[in-house]
Every structure is written in structure tokens, then in C-alpha cells.
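Proteins get letters first, then strands, A, B, ... in listed order; numbering begins at 1 in each.
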Amino acid sequence: MLLRVSVVESFPLKKILIANRGEIAVRIARACREMQLSPVAVYSECDRSALHVRFADEAYPIGPSAPRESYLRIDRIVDTAKRAGADAVHPGYGFLAENEDFAAAVRDAGLTFIGPTPEAIALMGSKTAARIAAKRAGVPVVPGTEDPLSADVTDVEIARVAEGIGYPLLVKAVAGGGGKGMRTVRDAAELAGAVRAARSEAGAAFGDAAVYLERQLTRPRHIEVQLLGDHHGTVLPFVERECSIQRRHQKVVEETPSLAVSPALRAEMTSAAAAVARAVGYTNAGTIEFLLDESGRFYFLEMNTRLQVEHPITEMVSGVDLVRWQLRIARGERLDVSPDRLLSPSGHAIECRIYAEDPDNGFLPSPGRILQLRAPAGPGIRDDSGATAGLDVPIFYDPMISKLIAWAEDRPLAIARMRRALGEYIVAGIKTTVPFFTWLFEQPEFLDARFHTTYLDEILKSREGRPFVEPNAAEEDIAVIAAAIQTALSPAAVDISPAAGAEAGLASRRWKARARTEGLC
Amino acid sequence: MQYEVDIDGRLRHVVVMRVGDRFTVSVDGRTSEVDATRVDPYTLSLLIDAEARSASGAIDGIAGSHEVTIAPDPATRQLTVRVGTVPIAVSLNGRRRWGRKDDGGHAASGPQRVVAPMPGKVVRVLVKPGDPVRARQGLVVIEAMKMENELRAVRDGTVTEVQAREAASVEAGAVLVVIA
């Protein structure tokens with residue numbers, strides 16, 4: 001049992017260094033502004049013009065574009081925080097957010113880390129240790145290995161352990177996250193190869209090749225519970241999030257509440273989540289992930305010791321600003337929200353992660369310059385983005401354009417609102433997953449909320465690569481007309497009509513001169 | 001002015017006559033009146049009045065207000081025209097120098113150059129020169145950003161060049177396969 005007993009003081013915060021980029025850095029800067037705190041940005045070479053730099057009071061370069069030379073450089077970030085006179089560091093999500101060495105380095109530098117303690121990160125960040133902690137708190141866990149399988153565990157030994165867990169199973173990275181370092185194993189014959197591949201991927205992604213085995217449940221749902229814990233012993237859970245729509249283990253659509261969770265089940269799951277967090281003395285924001293099987297049994301999967309990408313949907317139905325509370329908790333304030341309010345959602349919220357990927361080309365990343373961007377707006381629509389027209393989507397990081405969130409009084413209305421918003425979303429110059437979401441929000445199983453964690457992969461496979469949205473005859477005609485008129489309006493246009501004579505020749509010589517300096521396509 | 005517009009391998013013949021902001025546009029002989037405004041370099045606002053002034057008949061279903069964005073796609077050298085929520089790949093007949101011989105009416109689209117969208121490593125090459133390929137057929141698998149991605153043909157064609165080599169590292173923009 002890990003309880004951090006400390007004299008809780010109030011830590012006045014004035015200046016916050018945001019150790020991240022993109023939309024989450026913008027999100028944190030906004031929370032700072034609303035609290036009259038001064039946001040400080042750091043940026044890699046390719047992020048000089050990024051929105052989070054422009055939203056900050058001060059901005060400092062921290063190295064070349066590759067993450068391991070910039071956003072993952074603990075030394076440069078902590079030095080920059082000290083130089084800038086920051087009181088605190090917010091890690092966002094990804095990058096160093098769940099790195100206990102980073103949290104410790106911030107603390108050792110005399111600064112406040114906006115998140116849990118390094119000890120809590122280390123404990124819950126180890127997937128095997130977290131499972132043990134959950135079991136001790138009386139929460140069932142997905143059947144799996146107790147101890148991580150280090151590099152010297154033999155194939156024979158691994159096979160023996162696997163027999164005890166049962167097939168199908170997953171090989172997962174102990175230090176893992178975001179679906180990386182995971183492999184599915186259907187039977188004993190696939191085991192050795194899968195373990196090798198998972199170890200290799202885990203070593204490359206996280207610097208730690210230790211893996212563990214976990215039973216793969218059939219058609220489960222991924223249900224998670226947001227938590228806030230203050231430094232006065234209070235831990236409060238929120239209404240669950242439904243995150244079963246995943247492509248290759250990456251979440252793509254999240255919503256709250258889950259139609260598969262009754263009030264009674266909600267009470268059980270949120271209590272269980274809070275129990276685990278209390279048992280390890282957890283503070284600040286975190287999320288406990290569960291798998292819910294078809295019979296309504298739930299199992300602890302893992303804990304994320306940070307703010308999550310999908311936090312906005314919880315904010316929309318609870319009316320609670322999670323980033324603001326992260327800062328307030330770090331300041332030493334007490335959680336003074338009514339627990340019941342957090343468990344009784346107002347309306348329904350859905351989030352689509354809009355990525356710069358080509359859905360008609362296997363979701364291939366589509367980096368490049370955003371020529372034009374217009375995000376949706378209007379009632380019940382929230383777009384959390386770091387992208388603006390004129391910016392390049394860099395190749396070095398996850399190609400997220402924005403998180404598009406729709407809130408309405410109930411799920412059908414939230415879906416209709418999301419469809420409306422997707423229709424307004426203009427991004428020119430790169431491919432995005434907007435057409436894919438347009439298609440998804442028409443699928444009967446999605447509309448009926450009849451899905452599980454492999455639903456999306458299955459339905460995508462059955463499409464065999466057909467385009468998600470095909471133009472009808474009228475849309476093709478309009479496209480043809482538009483392309484022709486655009487060209488006619490452009491000085492680089494050249495007439496191919498054989499009827500044009502000398503007069504056109506004079507005009508075209510002028511056009512040619514401009515065309516040389518102004519290329520069209 | 002006349003254009004040949006290629007959508008998905010099909011050629012449409014378009015004639016545009018302009019009077020100020022108003023255009024009379026005929027697509028394959030069917031005519032509409034269009035009020036067009038360029039909102040910004042990539043966005044057109046079209047008010048299409050499909051009541052035919054000509055005897056050849058109006059185009060069905062396109063009347064009304066349409067916001068269309070048009071932007072070049074550097075990978076395919078086509079235009080991406082977004083109508084409503086649908087992105088459509090379109091090619092216009094390329095610029096022709098005045099006074100040169102007619103190119104013989106070839107299709108508006110040139111060869112497909114399949115390039116690496118970002119730095120990565122070639123994992124598998126699935127075609128060789130001379131292979132016929134269909135639209136969306138896989139050509140090369142590259143590994144980038146820790147995921148494997150299959151690059152596919154945009155249109156039907158025949159492979160003329162394969163520059164990708166298995167296990168080779170490639171830079172963004174490197175030409176991997178050319179399809180005529």
C-alpha cells in the first residue's frame with residue numbers, strides 16, 4: 001500500500017511550462033489563461049509557427065524535430081523551465097507524461113509537476129504492478145501473467161505460462177501504451193514469434209522490452225473511468241467513457257455515457273476505479289480502463305496516470321474543467337465538487353479524432369501543408385485543435401488535426417449534430433479521416449451502439465478497401481463545373497478551344513508570363 | 001473556353017462562357033447558369049441555376065448553393081475537389097503552349113508517380129515493371145512511424161518503373177513506382 005503522507009501546503013503557481021505540443025498544448029494554455037497563469041511553450045524546429053507557440057507568453061526552442069531530440073529531452077525541458085522562471089510543468093499526454101524520471105526531475109528542480117507523484121506513475125505505469133494493485137483493492141483483473149516476462153525467460157517457460165492463461169491471448173508491453181507493442185496470439189504455434197515481435201516493438205517504442213501475457217476476451221467493450229484525486233485524500237470518479245471504436249487498438253471515437261452501462265453497473269465500476277486509485281494514494285488526474293465482457297462482468301485492464309486525449313467528452317457532460325482542476329489540485333486546493341454530479345451525466349457527448357490520414361489508402365498518414373482549414377462550430381460543437389491554415393502537418397508526430405466533439409441532450413441528437421459538423425469541416429491540401437467518420441456515423445451497428453473493441457477492424461476488413469464516400473452523379477457534375485470555373489478564374493488558365501485566334505494568342509502570352517510565376521497544379 | 005476534365009478515368013467535356021461573375025457552363029452538352037464567387041484561393045461559392053436556357057436540357061440535381069474547395073494534391077498531381085463532404089480527384093487538361101502542335105487529345109491525367117509520403121523503409125515490393133494494376137491495388141509496403149503502410153495505385157494502369165528496393169530507406173517524396 002502506497003500512501004504519500006505530506007504536509008499539504010498551498011503552492012502558488014504563476015507560470016506554467018507546457019511540455020508538449022499540438023492541440024493539448026493549446027488546451028493547457030487556454031486553462032492557464034482562464035486562471036491568469038502565464039503559459040510558457042517549448043517547440044521543436046518544425047513547430048516554430050505552431051499554434052501553441054503563438055498562444056504562449058514566452059516560447060523556447062528545445063531542439064530538432066525528432067521527439068527524442070526535443071519533446072522527450074528531460075534535461076532541456078527542465079533547464080528551460082528553470083530559465084524561464086516557471087513554477088510548474090504540465091506534461092500533457094504522450095511524450096513524457098507517464099515518465100517517472102521526468103516527474104522526479106521536475107520535482108528535484110523544485111518545480112511542481114501537474115500530475116501524480118513519480119512513485120504513482122512508476123507503480124501504475126508498470127502494467128503488471130498495476131494489476132497487482134488492482135487485485136489488492138478487490139477489483140477483478142483480466143486473467144494474465146503476474147510478473148513481466150524479461151528477455152531471459154525461455155520460449156518453453158512462456159508457453160507454459162500461456163497454457164495457464166488460455167487462448168486467445170495478447171502479448172503486451174509492460175511499459176506500453178497506445179496499442180504499441182501488442183500482438184494477438186490465437187494458439188501455441190503463434191506464441192514464440194509474437195513474443196519476439198512484441199519485445200522488439202516495445203524495446204523500440206518505450207526502451208523497455210519486457211512483455212506480459214493477457215487473456216483476450218471475446219468481443220469486449222473498452223470502458224474507462226476518469227478520476228481526480230486531491231492532496232487531501234479525496235478521490236472522485238466520473239461517469240464512464242465508452243471507447244470501443246478502435247482501429248488497430250487505437251481509439252478513434254469515444255463517447256459518454258456508455259449505452260452498455262446501467263446505473264447499477266456504473267456505480268460498481270466507478271467505485272472500483274476509485275478504490276484502486278485510493279489504494280495507491282493517487283493524486284491529480286488519471287483514468288482506469290476496464291474491459292466489459294458480453295455477460296456484464298468487468299475487469300481492470302490498466303491505469304493511465306495522466307490526462308487523456310478524450311477528456312473533453314467528460315467535461316461536456318459533467319460541466320467540470322479537468323485541466324483547470326489539474327492546476328487547482330497541484331496548487332493544493334480541495335476537490336469541492338459534489339460526487340453525485342460527476343456520476344450523473346447531462347446529455348451525451350461524442351468525440352471523433354480527426355487525423356491527417358487517407359482513409360481510402362489504408363489510413364496512410366498524409367503529412368503536408370494545410371492550405372485551408374475551417375473547423376465546425378455552432379451549438380454543441382467543440383473543436384480542440386492545434387492546426388491552422390498555412391501550417392504543415394509534420395511527419396515526426398502523430399498526425400492529429402483535431403478532436404471534434406459533439407454534445408446534445410441524447411445520443412441520437414449528438415450523432416445528428418456530429419454529422420452536421422463533419423459536413424462543415426473543410427481541410428484542403430491534405431487528406432483527412434472526415435470521410436471515414438461520415439461513413440461510420442451511418443453504420444447501423446454504430447447508430448444502435450452495438451459494438452465492441454474489434455467491431456471497427458472487422459467492418460473495415462469487410463469493405464476490402466472501397467472508398468468511404470463515393471460521389472453521386474450530381475456531385476461529380478458540380479466538381480467538374482467547379483474545376484472548370486476555378487481554372488477560368490485563374491490567370492494560369494489556358495484555352496484549348498480550337499476556335500480561339502490571334503486575339504486569344506495575345507491574351508495567352510500575357511497569361512503564360514503569369515503562369516510561369518504562378519503554377520496551377 | 002473548353003476543358004477536358006478527368007474524373008476517375010472518365011473524360012468530361014466542359015465549355016465555359018463567362019460574363020462577369022456569371023458563367024454558362026455546359027458539361028457533355030448539358031447546360032447550367034452558374035453564379036460563381038471565389039471566396040479565397042481555394043474556395044468557390046457556386047449558385048447553380050439548372051433551368052436550361054439551351055435546348056439541350058439541364059443537368060439534374062445540381063441546382064442550388066454549393067461551397068466547393070479545390071486544392072492541388074502534390075502526391076498525385078491532380079486536384080482534390082471537395083463537394084459537400086466528398087473529396088473527388090479531378091484532372092484538367094494540362095497547360096498547352098499556344099502555337100504548338102496538339103498533343104493528340106491524350107487523357108488529361110499523366111503517369112501516376114507513387115511516392116513515399118514520409119521517410120521510411122521499404123518492407124515489400126509487390127509489383128514489377130510490365131505488371132498491369134487495378135485502382136487501389138497494393139504496390140509497395142513501407143514502414144514509417146512504427147506502422148506498416150501499403151501504398152496503392154490511384155487508377156488502373158501498367159507499371160513502367162519500380163525504383164523501390166526492399167530493405168532500402170527512403171526519404172519523403174522519393175519516387176517508388178511509376179504507372180502509365
Side-chain angles (χ1 to χ4, degrees), chain A residues 180 201 204-205 248 360-368 371-372 374 395 398-399 422-423 425-426 428-429 431 434-435 438 465-467 469-489 492-498 500 504-505 508-509 512 515 520-521, chain B residues 1-5 7 12 14-16 18 23 25 27 32 34 36 38 40-44 46 48 59-62 66-72 74 77-88 90 92-93 95-99 117-119 136 144-147 149-152 172:
Chain A
K180 295 196 170 105
E201 211 174 285
R248 296 204 215 167
D360 290 334
N361 213 347
F363 293 86
L364 190 69
S366 169
L371 297 173
Q372 169 72 299
R374 187 187 65 199
I395 55 182
D398 262 350
L422 291 167
Y425 218 133
I426 295 182
K431 303 273 197 297
V434 170
T438 304
R466 280 199 311 282
V469 191
E470 306 236 26
N472 59 33
E475 284 158 344
E476 285 199 352
D477 285 343
I478 293 167
V480 167
I481 289 171
I485 288 179
Q486 173 82 325
T487 310
L489 288 173
V494 172
D495 179 9
I496 64 165
S497 154
S508 109
R509 275 196 289 282
K512 275 198 300 184
L520 206 213
C521 187
Chain B
M1 292 185 276
Q2 295 185 38
Y3 303 94
E4 291 202 337
V5 183
I7 283 191
R12 319 287 298 278
V14 187
V15 181
V16 178
R18 176 183 184 177
F23 297 79
V25 184
V27 180
S32 307
V34 183
R38 182 180 256 166
D40 63 48
Y42 305 103
T43 310
L44 283 180
L46 303 179
I48 300 182
I59 308 173
D60 286 331
I62 64 169
H66 302 282
E67 179 187 62
V68 181
T69 58
I70 307 175
R77 302 215 195 151
Q78 294 186 297
L79 297 174
T80 301
V81 181
R82 189 202 58 100
V83 179
T85 60
V86 190
I88 305 171
V90 160
L92 249 80
N93 221 3
R95 277 176 275 139
R96 306 247 232 92
R97 289 195 199 281
W98 204 248
M118 72 200 64
R136 282 184 280 287
M145 289 167 73
K146 303 192 190 92
M147 307 260 291
N149 295 290
E150 189 178 83
L151 305 181
R152 302 185 191 164

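For the options A:Ala479, A:Gly362, A:Gly423, heavy-atom pairs under 4.5 Å to chain B are most numerous at A:Ala479. With chain A as partner, the option from B:Val34, B:Val86, B:Leu46 having the largest number of non-hydrogen pairs under 4.5 angstrom is B:Val86. Most heavy-atom pairs under 4.5 Å with chain B, from the set A:Thr438, A:Asn472, A:Leu422, A:Ile485: that is A:Ile485. For the set B:Val14, B:Val15, B:Leu44, the entry with the most heavy-atom pairs within less than 4.5 Å of chain A is B:Leu44.
For A:Leu371, the parts lying under 4.5 angstrom from a heavy atom of chain B are both the backbone and the side chain. Contacts of A:Pro471 with chain B are made by both backbone and side-chain atoms, with heavy-atom separations under 4.5 Å.
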Side chain to side chain contact (heavy atoms under 4.5 Å, CB included) evaluation trace for A:Thr487 with B:Val16: CA-CA 10 Å; A:Thr487 310; B:Val16 178; over 6 Å; no
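Taking CG of A:Leu489 as the start and CZ of B:Arg38 as the end, the distance is 5.5 Å to the nearest 0.5 Å. B:Ile7 contributes atom CD1, which lies 4.5 Å from atom CD of A:Glu476 (distance to the nearest 0.5 angstrom).
Checking each of B:Val68, B:Ile62, B:Val83 against A:Glu475 for a side-chain contact (heavy atoms from CB on, under 4.5 Å) leaves exactly one that passes, namely B:Val83.
Considering every non-hydrogen atom in both A:Ala488 and B:Phe23, the closest pair reads CB-CE2, 4.3 Å. Heavy-atom minimum distance, B:Asn149 versus A:Phe363: OD1-O, 4.4 Å. For the pair A:Ala482 and B:Ile70, the tightest heavy-atom approach, listed with the atom from each and the gap, is O-CD1, 3.5 Å. Shortest non-hydrogen contact noted between A:Ala428 and B:Ala71 is CB-CB, 3.9 Å.
A:Gln486 contributes a side-chain N or O that, together with a main-chain N or O of B:Pro41, makes up a donor-acceptor pair within less than 3.5 Å.
Annotation: side-chain contact (heavy atoms from CB on, under 4.5 Å) contacts of B:Glu67 (sequence neighbours excluded): A:Arg374, A:Ile426, B:Thr43, B:Arg82.
A salt bridge between B:Arg152 and A:Asp360 is absent, with no side-chain N of the basic residue lying under 4.0 Å from a carboxylate O of the acidic one.
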